[in-house]
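Beneath this line is the structure, given in structure tokens, with notes to follow.
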Protein chains: 2
Amino acid sequence: MSIDRRSGCPINLSLEVFGDRWSLIILRDMIFGGKRHFRDLLNRSLERIASNILADRLKRLMELGMLTRADDPTHKQKAIYSLTEMAITLVPILAHLGAWGRVWLPVSEELSIRAELLEKGGPPMWEKFMDELRHEHLGTPSDTPPDATVRATLQAGYEAVVARKAPGAGCDVGA
Amino acid sequence: MSIDRRSGCPINLSLEVFGDRWSLIILRDMIFGGKRHFRDLLNRSLERIASNILADRLKRLMELGMLTRADDPTHKQKAIYSLTEMAITLVPILAHLGAWGRVWLPVSEELSIRAELLEKGGPPMWEKFMDELRHEHLGTPSDTPPDATVRATLQAGYEAVVARKAPGAGCDVGA
DNA sequence: CAAACCAATTGCATTTTGCAATCGGTTGTA
DNA sequence: TACAACCGATTGCAAAATGCAATTGGTTTG
């Protein structure tokens with residue numbers, strides 16, 4: 001484990017694991033965006049992380065027990081990254097980060113609707129979401145239909161905001 | 001405001017404010033340790049932050065609206081830093097960071113008892129603590145006696161663990 | 001009165017970050 | 001079938017950030 005351990009304080013140790021600019025962004029994209037491949041995380045993410053930083057952080061998060069990596073059976077070149085239980089239990093922290101950011105920072109409406117819905121849903125919603133992530137990443141059993149998952153709820157909220165704010169609403173400007 | 005704004009996502013924006021190794025450590029020491037002077041934060045903190053980093057982060061947190069700075073009326077050279085409401089509302093995030101760290105990382109018992117008590121106390125305890133911080137840093141009225149504050153509770157828990165684990169307990173080795 | 005303290009700043013070496021290009025192989029599309 | 005796009009990285013290099021230790025001139029303490 002490549003952490004300093006400057007002190008045994010739990011907050012300090014948590015920050016030694018993910019207290020950098022990029023680790024929680026990667027985990028956010030995996031948790032909320034369902035991203036699991038390198039190129040998704042590199043090119044289909046809004047903050048434009050650098051490829052060497054992405055590679056470094058993925059490796060580090062694996063070494064620290066937050067992620068695992070396997071060959072993707074559907075594509076010879078692709079690696080698929082999975083969250084461990086250690087990472088999945090970060091959902092409440094990410095929910096709180098989102099809620100705090102909504103209050104104090106210049107968020108965009110499209111990108112903050114998920115945080116709003118998570119805050120409204122509270123801990124029961126977060127628990128349900130973590131169970132879904134366990135199913136998806138760890139193979140645990142799940143009885144939630146795919147269109148009733150928390151991620152589907154969050155995505156529907158996002159799409160509703162996007163549709164409401166679409167330019168030229170009411171004009172047919174082509175697909 | 002010197003943030004990138006790489007995206008309008010609230011999690012990203014929160015991390016642009018305090019997603020570095022040191023900002024939340026400084027805020028932790030102010031919130032939980034009652035530290036408000038440069039030397040306290042520099043020399044009486046376990047993680048040994050470098051002085052140029054401390055100066056830089058304090059300046060940045062002030063610019064971002066998390067802290068204010070005033071001359072300390074009790075000492076001509078001392079500056080006293082105060083938390084703003086923006087910073088005070090980080091208490092739940094810090095509580096969750098502590099709880100997560102206790103589960104997954106090699107914490108020390110002395111330094112994690114505060115996190116344990118906060119987790120047990122839950123949101124009502126956090127709200128009470130934030131009110132106390134408002135009183136201490138923003139001058140709002142408070143009706144909590146000094147020995148019944150959340151910080152006093154946390155400190156008593158810490159001291160109980162330290163006394164229980166003291167070497168040579170039962171020997172009088174001098175003051 | 002001397003030592004310790006105050007909030008920083010500074011010099012410098014090391015490490016990290018960010019940008020862009022690159023690699024050889026694999027897959028998808030016209 | 002040819003070729004472009006894709007795959008998970010790695011690499012080169014410049015800029016930025018970090019960390020260590022020393023320093024500053026004034027203030028407070030023992």
Problem - Atom-pair distance (CG on B:L54; P on D:dT18), nearest Å - result: 13 Å
Practice task
Would you give the length of the straight line joining atom CD of B:E16 to atom CZ of A:R21, rounded to the nearest 0.5 angstrom?
Solution key: 4.5 Å
Exercise for the section: Drop me the distance from A:T89's OG1 to A:L83's CG, to the nearest 0.5 angstrom. Expected result: 10.0 Å
Problem - Atom-to-atom span, CD1 of A:I53 to P of D:dA14 - whole angstrom - result: 17 Å
Practice task
Check the distance between D:dA9's C1' and A:I49's CD1 and give it to me in whole angstrom.
Solution key: 13 Å
Handout entry: Spacing of B:D40 atom CG relative to C:dC6 atom C1', expressed in whole Å
Key = 11 Å
Handout entry: Any donor-acceptor N/O pair, B:R48 side chain to B:N43 backbone, under 3.5 Å
Key = no
Practice task
Round to a whole Å and report the spacing from CD1 of A:I25 to P of C:dT17.
Solution key: 14 Å
Practice task
Identify whether any heavy atom of B:R36 sits under 4.0 Å from a base atom; if not, whether one sits that close to sugar-phosphate; answer base, sugar-phosphate or nothing.
Solution key: nothing
Completion exercise
From CG of A:L42 across to C1' of D:dT10 the rounded distance in Å is 13 Å
Handout entry: Distance in angstrom units between B:K76 NZ and D:dT29 P, rounded
Key = 12 Å
Practice task
Scan A:N52 against the nucleic acid and name what it touches under 4.0 Å (heavy atoms): base, sugar-phosphate only, or nothing.
Solution key: base
Exercise for the section: Using the six-membered ring wherever Trp is involved, compare the ring planes of A:F18 and B:W100 and label them parallel, tilted or perpendicular (cut-offs 30° and 60°). Expected result: perpendicular
Problem - Residue-phosphate contact under 4.0 Å: A:R69 side-chain N/O, D:dA9 OP1/OP2 - result: yes
Practice task
Tell me whether the OP1 or OP2 atom of D:dA5 has a side-chain N or O from A:R39 closer than 4.0 Å.
Solution key: no
Practice task
Decide yes or no, distance alone: a donor-acceptor N/O pair under 3.5 angstrom between the base of D:dA21 and the side-chain of B:S51.
Solution key: yes
Problem - Phosphate OP1/OP2 of D:dA17: any B:W22 side-chain N/O under 4.0 Å - result: no
Fill in the blank from the handout: Picking from C:dG18, D:dG19, D:dT27, the nucleotide nearest the side-chain atoms of B:R6 would be C:dG18
Handout entry: Under-4.0 Å side-chain N/O to phosphate OP1/OP2 contact, B:K78 with C:dC6
Key = yes
Exercise for the section: Take A:D56 and A:H75, find for each the nucleotide of DNA chain C with the closest heavy atom, and name the residue whose nucleotide sits nearer the 5' end. Expected result: A:D56
Problem - Spacing between A:L67 atom CG and D:dG8 atom C1', to the nearest angstrom - result: 15 Å
Handout entry: Any side-chain heavy-atom pair of B:L111 and B:L46 under 4.5 Å
Key = yes
Practice task
Determine whether any donor atom in the side chain of A:Q77 lies under 3.5 Å from an acceptor atom in the base of C:dG25, or the reverse, and answer yes or no.
Solution key: yes
Fill in the blank from the handout: The nucleotide from D:dA22, C:dA7, D:dA9 with an atom nearest the side chain of B:F38 is C:dA7
